Amino acid sequence: EVSQPTVAKEDIVLVTTVINATNPYMASWIEGSKALGEKLGLPVEIVQSNGSSQTQIAGIQALAAKGKKIVLVTNPLAASDVPAIANTIKQNGGYMAVWWNMPPNMEPADVGDHFVAFGTYNGYTAGECGAKALVAAMGGKGGIIALPGVLDSTVSQERVAGLKNVIKDYPDITLLDEQPANWDQAIALKTTQQLIAKYGDQIDGVWTADDAMMLGAYEAIKKADMIDEVHFSGEGAYPPVVDLMVNQPDGDVVAASSFHRGYKAAATGMLIAYKAAVGEIDISKLTPEQRHGQYAIDCVTPANAKDFQANGGIDPTWLDRLIQDPFMDLVGGPVEGPQG
Amino acid sequence: MTFLTGTGAASGCARLNWRSGLAEVAILAALIVVFSILNPTHFPTLVNLNTILNSAAIPVVIGVGASLVVLTGRIDLSVEGVMGAAGMVFVLLSANSRETADIGWLAYPVAIGVGLALGAATGLVHAFAKVPSFIVSLGMWYVGLGIAAVLFGYEMIPFLSDEAAVAWPTATTFGLPNSFLLALCIVAFGWLIERYTRLGRYTRAIGNNEGVARMTGIPVAAYVVLIFAFAGACSALAGIMGSLALGAGAANVGVGMLFLTLAAIVIGGTPLGGGQGGALRTVMGVLILSTLYNGLILAGVDPSIQSGVSGVVLVVAVIAAGWSQRAKLRVFK
Amino acid sequence: MSALRTDTLRQALGPLAVFAGLLAVISIAVPTFLGGGGPSIIAQQATPILLVALGQCVVLQIGSIDLSNAAIALFCSILAALTLGPLGAVAPVFCLLVVTLIGVANGLILVYTQIPSFALTLGTLGVMQAASLVVTGSNVVYVMDNMDVVAWLFTVTFLTIPVAFWISVLLAVALWAFLRFTVPGQGLAAIGFNERAAGLSGQPVNALKVLAFGLSGFFAGLAGLCVISISGAASSIGLGSDLLVPSIAAALVGGTAITGGTCNPLNVVFGAMFVALIPVGSAAVGVNPQAQSIVYGLVLIIAVAATMSRSRTGIVK
Amino acid sequence: MIQTGIAMTPSVPVNPLPILRLDGITKSFGPVAAVKPLSLAIGRHEVVGLIGENGAGKSTLLKMLTGVHRPDAGTIEMNGRALRLRGPQDAVQAGLGIVHQEQSLFTNLTVAENIVMGAGPHGSAATKGGLYRWSALRREAEEVLARIGSTISPDAIVGELTFAQRQMVEIARTIHVACQTAERQGGAPLVILDEPTSVLEKAETEVLEAEIDRLKRIGSVIFVSHRLEEVLRICDRIVVMRHGELVADRPTLGVTEADLFRLMIGKDRHAEARGAVPVPAGAPVMRVAGLSRAGAFKDINLDVHAGRITAIVGSFGAGREELVRALYGAESHDAGRIEVAGHPVSGWSPRRAIRAGVAYLPAERGVESAVGGLSAARNLTMVPFGANGGWVLSPARRKALAAEWFEKLDIRPRLLGQELERFSGGNQQKVVLAKWLTLSPKVLILDHPLRGLDPGAGATVNACIRQAAAQGAGVILLADTLEEALDLGHEVIVMRDGEISARFDMGRDNPTTLDLLENMV
Ligand SMILES: Nc1ncnc2c1ncn2[C@@H]1O[C@H](COP(=O)(O)OP(=O)(O)OP(=O)(O)O)[C@@H](O)[C@H]1O
Ligand SMILES: Nc1ncnc2c1ncn2[C@@H]1O[C@H](COP(=O)(O)OP(=O)(O)OP(=O)(O)O)[C@@H](O)[C@H]1O
Ligand SMILES: [Mg+2]
Ligand SMILES: [Mg+2]
């Protein structure tokens, strides 16, 4: 009775992709996929790309070649990978949901039924969340260094735009420098050390596009004995960062971080694709906002960090509730751009 | 490997001498002058000197081992993998936030032992299965990264708990960062090996003409294994230093170190064909690149063209150093 | 006697054998792999690797190396994404011309300054990366129009395998014939074995070196066009940004000696398919993601150990 | 103090055991049986000459002795003990020293290091325990050098020495190794010299002979050479190999050069036409006027005529190698003019030279003319001009050409498609010479063309050179010996310190070697 062809449950293999398993965000992504797999009683295959689009696509294709129908949730390495992945899934007869990263001129509905949904969140808001808390901690004045991810990542660019959007209202805040640290803790450490040499005491805040880079920058500032004067903001709510927010071991540190939990995202996307595959969702009846939806951002700051930490960020009933309503975290359609 | 041959080994050998080292000094001086003009307030300062030296420490340590490998005419691409594996072993065997086994100071020798073993494995496979070092060490790069990933598991980042140890590398003694002083000790050790031991001299001989080395009765395979093991140990130490710098375990602590070190070796004037040059020259290469990296950021050069500027400087430096050796019928690969 | 024979055999059939062996292992572990479109996946994955590897093997043939050609491939796909809209069918020609010229420039700088190719192309690699960021304004660039100019490469198939693969195989055959049956082909080998002797025998050493690097640029360009045909978009982190290591590995598994003089493009075809098969295979077999790198590294070493020729000098560096 | 050579000669113990005994030793390379079952004993205090035509298996035999090749069958015994050589190190350990046919020194290291390094891990006090004591090392090397009467500085970098100087270093090293090890083990040393003299000039050869004499008092020597008169003068006993077999083993006494020739080649030496048939100086094919290069040669004026052979002689440092390389465009010149066939040349390079009809056979075969990894046939068609030019290589043509020249120069084995490096030294030389002869050049420059050739092959090649001249080529010859220069040259030019010091026309002046020597020093 649904418009799209359906698949028997036993013919399904659940698949997800990660860059590597040593990144906390990815680890929680894997955890979410596995939790859902357990609930559904289906095996989960993990494709690890090690930062290579080629490997990522090859892995998905390899699983397709095993004969089962793929139900995929992916946070693709690069937006430009999506067409190739969509092709693979189409040929396989499976279903997929894509999170965060997609070419701007693409819409799931245009691609076809096998591309069930695209989920995004407001990167500007995410960047703003960290920036606002940072500026507040700095008392509205001082110098900030910013560490974006890789230069041509849209995700990173959006977050940086959010940062800039916030600080333009604070004439006493200067953005001292912007040096990409490639999402990498070690590079962030090295880069921050150079920036310390350049700006020294002028640095009052460090804004990073991701918590891994924040941890690197944090270590560099600590080693330079500046930890008491400098505030940090990251993104992703990595447990160690939430720890820092709760414990504030260095007295005056404010870590502010927004939240788009890998756990929830992976489970949600996988579930939507699954329901489409087995016919629990009729794709033709999905609203545009459901096929290209926006997910809420929780802004974690020292004020709410303790609560966040207490339940590990996940309400124990969340997964069961999700299975009832896979679109429950959805707050709207496509992201519009920075406000104001 | 022929493409690695800088000067024709077979063709009666254009000898590198102290004078050709002047080109590197001149390049470093030129960079310092240029960056001092571009950023007179921050570049020529003691603080910045320490920043540069500190960032040079890890590649210098790697470079000592890597230079010896290159002196034999071989190449070690496994640097980043070995750093990851050894670094992760070190962190997990030290007091850390994951509370894995803490074996105290023994974590240092054990981690270095891991690097030594990986290096020796590279050397053994290369020397006895006769597979080019290029490919064995490339494979070992992946193996090392894989070991680090397996050790990391799916759990949280392990943070080092020993604050004193974590603070040591960047702390200063006699006004210089400890990390750099440690690196200098390793350089001195490497230099003594190169100059005053059979291992070092045979390394040069092997690099100059391996066939002759064999006919002379030098046990080439054994020396090659030793050298790869030593290089592995150097990378492992670098992995430990990287982990201390991060204060945490990360599989990719070595990210970017391979090309940096290779470029430093080439710029320093050690021809990749082997037989000439050595650790001291590599130190110059590392200093040039570290200064360049630091200077580009301090001068505010657009990040998207930094890799291009580095590439151009690399090529110009190598051209300048080798310009006088250009000759009709010169072999260069 | 037997040593010589086995070596000739190893050289002739080694790459095919290791590929077939790995494929057999995977087919046994995953019986549906061959029927489920496995071959076309391998072919698709192998095509860009193969093209870059063919260029690399010409450079290895003269005893040099080109570390920049994968970055050139990516630059070509970026260029194609930018120009397909305005230029249409002319765009691929234009892009190939540009990247071939970049390869030629590599060669010219090399022969004029006489610096080692390793250093030069490491530098060019950095420059190409910067160029990619600059021309894209650090963004992903998408083919807006005229995608059909390149799309057919991977949508049209012959025997279920994309035509791009067959074209690459034909190019490999052509390259093989060029190296084997032409005067410049013999000159390239002579340079790889003994550059001085080649020069003193009147081989146009400099011109041949420029030719080798030009070909490397050209083949990289073809790989770039394949990338754009597959993904319709390009960026310095996307598809095609990691072809360097696999393509060198493909050349070596294909029996190309890193010392120069011995390159057989036909075997590089199998080398590329082998290298493409490793990640596909380990995902299919279900190797633990964290251990996948270990498997990749070990399989690579074993494959080269099995295919490389050792008879010549006994010296392996 | 190191103890070597003369210092320990006084009481020579009489030992009935031979130093070395080979029994049924065999080696094949694929289809080629390089050494067939061969037995041989070398006595104490004996200098044994090992001769045989090119490819007879001499080097292969010696390489088995020094652990480079492993014998397929047979046993080696040294100083009464069975020897299992797993590699060259074992041979060094056993007290075997060898000067290989191809030079084997480390060009990046000093003379002293090269000399001492050969002694193996335990050979020298200066490197005991793996540590280098540079001053001791230098002293040790100085003494060895002094003993062979060499004035080469122990601190010189080997790569900066001349070819002949390097050969002396090599000899010094070998003698040092053999003496040191033998002394340590209480046995007698055995020194193997594989064609050590083919690159030495007379004076050095004499030093070497004296050293061999001294060596004989403490050990034994195996000496390989194609210069039969030298073998007769130096050796006590002569062993002849042919086609991998030992065909004769004679005491030197009473043997003549003609006997040796017959034993080696299997037929009598033809009464060769000695001396050049005078050829009138026709139009010059190459004219050189005022050619100079600082530090190498100065104001060279020279005409090379079609049909005539111009031999250039001179001692080391006279600049003749540099001169001929400049004539070929392989090196530059500062001033002067070169004209080929009436046209002045500019932007001179090997390619232009070849196009103009100039060919050049370099002296260092392994480095400069043989492409060892390519087949002999491909080496023969290596020069991309004339019939080998264009784009397409015709396999059929290559094969026919190769077959023709293999026949003409009797290159063996007749495996056209085998990699050149698998041929014996002499046969490689024939291949690279043939490469140029196929082009029928106008000017043929030959730098030591007979290097490493057996007398039979030497005669064949000489005949080829004469024939090339007779067919209209102008030949410039840097000969191995003065005799050869006088024998082949229509004109002999003597160089000294970069300048031409004398010119002789063979038809008119008929100089003797003495006349030449007078102008050389
Ligand atoms: N590595 C090899 N592979 C194949 N054949 C070989 C190899 N080395 C030597 N041979 C063959 O063995 C035979 C003996 O060669 P060898 O070098 O011992 O001759 P030789 O007596 O030293 O000659 P020459 O006087 O020319 O140096 C030759 O036919 C040669 O082609
Ligand atoms: N302490 C020493 N005393 C005497 N001689 C030495 C000493 N150290 C090295 N030598 C000699 O000097 C020569 C040159 O040294 P080396 O080979 O290290 O090259 P180098 O001059 O340092 O140049 P490069 O940078 O190319 O290595 C060596 O071959 C060695 O024999
Ligand atoms: Mg040195
Ligand atoms: Mg010989």
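The shown structure was predicted, so the numbers you read here are calculated from the model rather than taken from an experiment. Protein chains get the first letters and strands the later ones, always in sequence-line order, with residue 1 at the start of each.
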- Heavy-atom check, side chain of Leu298(C) versus side chain of Ile294(C), under 4.5 Å: yes
- Item | Best-contacting candidate, Gly153(B), Gly81(B), Ala263(B), against chain C by heavy atom pairs under 4.5 angstrom | Gly153(B)
- Query: To the nearest 0.5 Å, what is the distance between CD (Gln129(C)) and CG (Leu74(C))?
  - Reply: 9.0 Å
- Considering heavy atoms only, which positions within residues 138-151 of chain B lie below 4.5 Å of chain C? Leu138(B), Gly139(B), Met140(B), Tyr142(B), Val143(B), Gly146(B), Ile147(B), Ala149(B), Val150(B)
- Message: Is it the case that the side chains of Thr282(B) and Ser67(B) hold a donor-acceptor pair, with the cut-off being a distance below 3.5 Å and no angle test?
- Response: yes
- Geometric class of the Tyr223(B)/Tyr202(B) ring pair [parallel <30°, tilted 30-60°, perpendicular >60°]: perpendicular
- Message: With a 3.5 Å distance limit and no angle check, can you tell me whether Gln61(C) reaches the backbone of Gly260(C) through a side-chain donor-acceptor pair?
- Response: no
- Contacts of Val313(B) that satisfy side-chain contact (heavy atoms from CB on, under 4.5 Å) - sequence neighbours left out: Leu292(B), Val309(B)
- Side chains of Asn106(C) and Ser68(C), donor plus acceptor under 3.5 Å: yes
- Item | Portion of Ser310(B) that has a non-hydrogen atom of chain C nearer than 4.5 angstrom | neither
- Partners passing salt bridge (Lys or Arg N to Asp or Glu O under 4.0 Å) against Glu80(B) (at least two apart in sequence or in another chain): none
- Note on the structure: Checked Ile135(B), Ile305(B), Val266(B) vs chain C; the most non-hydrogen pairs under 4.5 Å come from Ile135(B)
- Per-residue tally against chain B (heavy atom, under 4.5 Å) across Ser236(C), Ala131(C), Ala291(C), Gly123(C) peaks at Gly123(C)
- Residue selection (most heavy-atom pairs with chain C, distance under 4.5 Å) from Ser307(B), Ala317(B), Gly311(B): Ser307(B)
- Is it the backbone or the side chain of Ser138(C) that comes under 4.5 Å from a heavy atom of chain B, or both, or neither? side chain
- Which atoms of Leu252(C) approach chain B - backbone, side chain, both or neither, heavy atom under 4.5 Å: side chain
- Please state whether the side chain, the backbone, both or neither of Val312(B) comes within less than 4.5 Å of a heavy atom of chain C. both
- Determine the sole option in Ile72(C), Leu243(C), Leu244(C), Asp66(C) for which the side chain to side chain contact (heavy atoms under 4.5 Å, CB included) test with Val52(C) is passed. Leu243(C)
- Among Leu60(C), Ile102(C), Val59(C), whose side chain to side chain contact (heavy atoms under 4.5 Å, CB included) with Ser216(C) holds? Val59(C)
- Regarding Arg74(B) and the six-membered ring of Phe134(B), is the cationic atom NZ or CZ under 6.0 Å from the ring centre and inside 45° of its axis? no
- Item | Side chain / backbone / both / neither for Ile248(C) at chain B, heavy atoms under 4.5 Å | side chain
- Message: Heavy-atom pairs under 4.5 Å with chain C - which of Val136(B), Val125(B), Val220(B), Leu77(B) has more of them than the others?
- Response: Val136(B)
- Message: Run the side-chain contact (heavy atoms from CB on, under 4.5 Å) test against Ala299(B) and tell me which residues pass, sequence neighbours left out.
- Response: Phe35(B), Leu38(B), Val301(B)
- Max heavy-atom pairs within cutoff under 4.5 Å with chain B, candidates Val127(C), Asn194(C), Leu122(C), goes to Leu122(C)
- Message: With a 4.5 angstrom heavy-atom cut-off, is it the side chain or the backbone of Ile191(C) that approaches chain B, or both, or neither?
- Response: both
